[in-house]
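Below is one structure, written out as C-alpha cells; comments come after it.
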Amino acid sequence: MMILAMRAAAPTLNLREVFPGVYADVTAKVVEFDGQITPMLVKDDRAPQFFLEVLACAPNTREHETLVVTTARPSNIHAALLLIGLTPGSPGSWKATDGKLEPVQPTGDRLSMRIVWSDKEGHRVEQDPLDWLVSTRLKTGFWDAERTVAAANKLPAPGWVFAGSKIVKRRPIEGGDEHEFYDADGSGTIVGFTTFGSEVIAWSRVISHDWSSDERQWIADFAKTPTADTKVRVRIRKAE
C-alpha cells in the first residue's frame, strides 16, 4: 500500500479518556475516538468500487458504506465535543416549498477531521480522510469536487459541522410508552457524508443518500486508504 501522508509529529496532546473509547484534551480543544477501518473495505474484482456514504459509524449499521467503524457511543462523542467548548447545530433535512422538496443545510461549529494510525514500520501517520475519496461523476478528488459544487450553487465553503444529531421519541417495538433517546445512538451514524438526518457530525451541505440520486458518487481510493481492520483514531478539532 502506498501511503500519501506525512508522518505525524511527536504527540504533544494531553488526552484523557472521558468516555469508553473517547478522549479529550480540553486545553488543546481536541477530541479523539478509537475505531478501525471497516472490514468490508476490500477490493473485489466483482465489485471494484467501494461507495461511501459515511465516514464513521457504529458496528452492525453501515460497515458496507463507511471508512471507520467505532464502538464509541455517538452521544458520548457529542458530549466530548461539548466538553471542549464546541456548539452543536442541527443535521441537514428537507422541507416542502410549493410542492417541491428543498434542502435545509446542516448547521453547527465547523470542524477539522483527521485519521491517525501506525503504518507497517510503526510510524504514526495522520491524514485527512477526504483525500482518500474520488468523485465518480466529476472524476476529481473530494475537495476539488465539493469546491466546484459549492461555487456553482453559491453555498458556503465545504467542510464538516457539529450537527449534534437530535433527540427523538420512539415507542418500543414490544409496546409501552414512548421514550426519548439520542437519534445517532439508534442509527449508528456518527460522521456522515450523505444526509441521513441523525448524524453527530455532518458534511456542510445536504447530499441525498437515495440510490436514484446523481449525488451518490463517492468511492474509496484503495491505493490511499489504510487496509481493512487497521486500528485508527479519529481526531477532531474546531476548524480555523
Side-chain angles (χ1 to χ4, degrees), residues 22 29-33 35 38 51-58 61-63 65-70 72-95 101-115 128-133 135 142-143 145-150 153-168 181-211 213-218 220 234-240:
V22 182
K29 298 189 181 302
V30 173
V31 166
E32 294 186 359
F33 61 86
T38 177
F51 282 91
L52 292 160
E53 294 200 348
V54 294
L55 172 68
C57 71
T61 58
R62 302 186 183 280
E63 288 92 333
E65 56 192 14
T66 191
L67 286 173
V68 176
V69 181
T70 178
R73 191 171 179 84
S75 54
N76 287 344
I77 296 172
H78 180 123
L81 294 173
L82 294 178
L83 188 64
I84 65 169
L86 297 179
T87 302
S90 59
S93 60
W94 286 263
K95 66 179 180 180
L101 285 178
E102 293 186 352
V104 178
Q105 305 301 341
T107 61
D109 275 352
R110 287 285 184 130
L111 304 175
S112 169
M113 198 100 54
R114 295 291 185 270
I115 291 182
D128 182 348
L130 298 182
D131 290 340
W132 304 340
L133 273 64
S135 168
F142 188 96
W143 280 111
E146 282 298 292
R147 290 185 182 110
T148 298
V149 170
N153 293 278
K154 298 180 179 180
L155 295 171
W160 299 108
V161 297
F162 179 19
S165 192
K166 57 189 175 184
I167 301 297
V168 296
F181 68 94
Y182 188 73
D183 201 8
D185 283 346
S187 71
T189 306
I190 298 171
V191 183
F193 296 120
T194 57
T195 304
F196 291 96
S198 62
E199 46 271 17
V200 183
I201 296 170
W203 190 243
S204 56
R205 73 178 178 97
V206 169
I207 301 178
S208 174
H209 60 84
D210 188 341
W211 268 93
S213 171
D214 289 339
E215 299 282 9
R216 187 175 174 81
Q217 59 169 304
W218 304 112
V234 178
R235 178 174 293 167
I236 308 165
R237 287 185 168 95
K238 186 172 183 178
E240 296 181 1

Counterpart residues, ring pair (Phe, Tyr, Trp, His ring centres under 6.0 Å), relative to F33 (two or more places apart):
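For F33, no residue satisfies ring pair (Phe, Tyr, Trp, His ring centres under 6.0 Å) once neighbours in sequence are set aside.
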
Could you tell me which residues satisfy salt bridge (charged side-chain N to carboxylate O under 4.0 Å, His left out) with R237, sequence neighbours excluded, listed by chain and number?
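Checked R237 against salt bridge (charged side-chain N to carboxylate O under 4.0 Å, His left out); zero matches.
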
Write down the atom of [X], the atom of [Y], and the distance for their closest heavy-atom approach.
X: V22; Y: A80; result: CG1-CB, 3.6 Å
X: I115; Y: P129; result: CD1-CB, 3.7 Å
X: Q105; Y: R205; result: OE1-CA, 2.9 Å
X: A58; Y: V69; result: C-CG1, 4.1 Å
X: F193; Y: L55; result: CE1-N, 3.7 Å

Does the side chain of [Y] come within less than 4.5 Å of [X]'s, by heavy atoms?
X: L133; Y: L67; answer: yes
X: L81; Y: I201; answer: yes
X: W94; Y: V104; answer: no
X: D131; Y: F142; answer: no
X: V206; Y: S93; answer: no
X: M113; Y: I236; answer: yes
X: V234; Y: V68; answer: yes
X: T189; Y: T61; answer: no

Around atom CZ of R114, are there more than 12 heavy atoms from other residues, nucleotides or ligands closer than 6.0 Å?
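Enclosed: over 12 neighbouring heavy atoms sit under 6.0 Å from CZ of R114.
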
Between W203 and W143 (judged by ring centroids, cut-off 6.0 Å), do the two rings come close enough to count as a pair?
yes

Compile the donor-acceptor pairs under 3.5 Å between side chains in residues 82-89 and protein atoms, sequence neighbours left out, one pair per line.
none

Has the side chain of [X] got a donor or acceptor atom that lies under 3.5 Å from a matching backbone atom of [Y]?
X: E240; Y: K238; answer: no
X: D185; Y: S75; answer: yes
X: D128; Y: L130; answer: yes
X: E65; Y: E63; answer: no

Between I77 and I190, is the side chain to side chain contact (heavy atoms under 4.5 Å, CB included) condition met? List the steps.
CA-CA 9 Å; I77 296 172; I190 298 171; 3.8 Å; yes

Which residues pass the side chain to side chain donor-acceptor pair (under 3.5 Å) test with W160, sequence neighbours left out?
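If we apply the side chain to side chain donor-acceptor pair (under 3.5 Å) test to W160, skipping adjacent residues, there are no hits.
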
Residues that T66 engages under side chain to side chain donor-acceptor pair (under 3.5 Å), provided they are two or more places apart:
none

Residues that R110 engages under side chain to side chain contact (heavy atoms under 4.5 Å, CB included), provided they are two or more places apart
P156, V161, S204, A239

Under the criterion side chain to side chain contact (heavy atoms under 4.5 Å, CB included), I'd like the reasoning laid out for W132 against L52: C-alpha separation, chi angles, the key distance, then a yes or no.
CA-CA 11 Å; W132 304 340; L52 292 160; over 6 Å; no

Flag this pair as yes if the NZ/CZ of R73 is under 6.0 angstrom from the six-membered ring centre of Y182 and inside a 45 degree cone about the axis; otherwise no.
no

So, taking the atom named OG in S135 and the one named CD in E146, what distance separates them when rounded to the nearest 0.5 Å?
8.5 Å

Side-chain donor-acceptor pair present, S198, S165, cut-off under 3.5 Å:
no

